Amino acid sequence: MPTNISPCKDRGQLMRRVGFRRETTAKLIRQAAVSMIAQYGFKAASLRKVAEEVGIQAGSLYNYISSKDEFLFNLLKEHLELMLADFERECVGIADVSQRLSKFIELHIRFHTEQQEEVIIGNLELRSLSPADRAVITGMRDRYSAILTDLIRQGVDEGLFKAEDPRVTTFAVLSLLSGVCYWYREDGRVSQADLIKLHVDMVFRLLGVGAAQDAAPQPTARPRKPVYVRRRRYGER
């Protein structure tokens, strides 16, 4: 029976379907690998188990992940790149140091409540990187924390903040902000918007300022599954 669809169009549709399936499979693999590492730890996580979870042959997995070490490095690098880029983008046109600090806190809390598994891995598995990869990630972390140090130092210089040692204060603030990844639940008592406001106010009080004005805007949190932080061995019930 004659058809009006040309072979070229058939091939184009096929290529699009293949590309879509590959992209979908890559996302499923990433999700499964992230969840497995967050729950069991990097050393205990198995790429073979990831393949089983996704429903593909173990050999096919290497079309998407060349090695577990490379996956971990790229995961940590990706989330730091996102945090750095988000702050730079969101602060375009904002000169006031208090507003920039509020934005830093807002973005940090958003990321740590929306990407909990990735953050937990970043906190716990830095030691699992090779020395060369660890140096790259540590350098990116230093760049990120330096943003906060510069904001605190600028506020001190302008007579707005009080901090005897801006660098030590930076570490204290980051510890305060980052801890939410271990206990926040989207369906919990405190909403993400309220959590942001609470932390903005806490940080400003820590810096000798009253409750910050102009609380962060309402978040657009996406649905996500609960994060189980306790690590288990495979087969443990």
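Please read all numbers here as calculations on a predicted model, not as lab measurements. All values below come from the heavy atoms of this structure, side chains included, with hydrogens, waters and symmetry mates left out.
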CA sep, side-chain torsions, deciding dist, call: S98, L160, side-chain contact (heavy atoms from CB on, under 4.5 Å): CA-CA 8 Å; S98 294; L160 301 173; 4.2 Å; yes

Does Q192 form a side-chain contact (heavy atoms from CB on, under 4.5 Å) with E114? I'd like the steps, not just the answer. CA-CA 9 Å; Q192 186 192 57; E114 295 175 5; 3.0 Å; yes

Assigning hydrophobic clusters by single linkage (Ile, Leu, Val, Met, Phe, Trp, Tyr; side-chain heavy-atom cutoff under 4.5 Å), is [X] placed with [Y]?
X: L148; Y: F171; result: no
X: L107; Y: L84; result: yes
X: F104; Y: I94; result: no
X: L174; Y: L82; result: yes

Contact summary for [X] and [Y], nearest pair of heavy atoms:
X: V119; Y: C181; value: CG1-SG, 3.7 Å
X: S145; Y: R167; value: OG-NH2, 2.9 Å
X: A33; Y: V50; value: CA-CG2, 3.9 Å
X: E125; Y: G41; value: OE2-CA, 3.5 Å
X: L126; Y: R141; value: CD2-NH1, 3.7 Å
X: I152; Y: A163; value: CG2-CB, 3.8 Å

Taking the ring of Y144 and the ring of H108, is the distance between their centroids below 6.0 Å?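 Distance test on ring centres: under 6.0 Å, yes.
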
Test log, rule side-chain contact (heavy atoms from CB on, under 4.5 Å), inputs F42 and L124: CA-CA 9 Å; F42 178 74; L124 299 179; over 6 Å; no

Is any side-chain heavy atom of [Y] closer than 4.5 Å to one of [X]?
X: K77; Y: M140; answer: yes
X: E70; Y: N74; answer: yes
X: E78; Y: M83; answer: no
X: R30; Y: L75; answer: yes
X: T169; Y: F161; answer: no
X: Y184; Y: V190; answer: no
X: I120; Y: I37; answer: no

Going from [atom1] on [X] to [atom2] on [Y], what distance comes out if it is rounded to the nearest 0.5 angstrom?
X: E52; Y: L61; atom1: CD; atom2: CG; answer: 11.0 Å
X: N63; Y: S60; atom1: CG; atom2: OG; answer: 6.0 Å
X: L207; Y: L101; atom1: CG; atom2: CG; answer: 6.5 Å
X: I147; Y: T170; atom1: CD1; atom2: OG1; answer: 11.0 Å
X: H79; Y: I121; atom1: NE2; atom2: CD1; answer: 10.0 Å
X: L176; Y: M202; atom1: CG; atom2: CE; answer: 5.0 Å

Can you tell me if E53 has over 12 outside heavy atoms packed within less than 6.0 Å of its CD?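 Counting neighbours around CD of E53, 12 or fewer heavy atoms of other residues, nucleotides or ligands fall under 6.0 Å, so no.
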
Greater than 12 external heavy atoms within 6.0 Å of R48's CZ: no

Lys/Arg-Asp/Glu bridge criterion (N-O < 4.0 Å) met for [X], [Y]:
X: R143; Y: E81; answer: no
X: R153; Y: D157; answer: no
X: D86; Y: R89; answer: yes
X: R100; Y: E90; answer: no

Take E106 and K197, measure what salt bridge (charged side-chain N to carboxylate O under 4.0 Å, His left out) needs, and give me the verdict at the end. CA-CA 8 Å; E106 175 200 339; K197 183 180 184 303; over 6 Å; no

Under 3.5 Å: donor-acceptor pair, side chain of [X], backbone of [Y]:
X: K68; Y: A45; result: yes
X: T113; Y: R110; result: yes
X: S35; Y: A32; result: no

Would you check, one step at a time, whether the test side-chain contact (heavy atoms from CB on, under 4.5 Å) holds for S130 with F73? CA-CA 9 Å; S130 69; F73 171 70; over 6 Å; no

Quiz item: cation-pi between K103 and F87, 6.0 Å / 45°: no

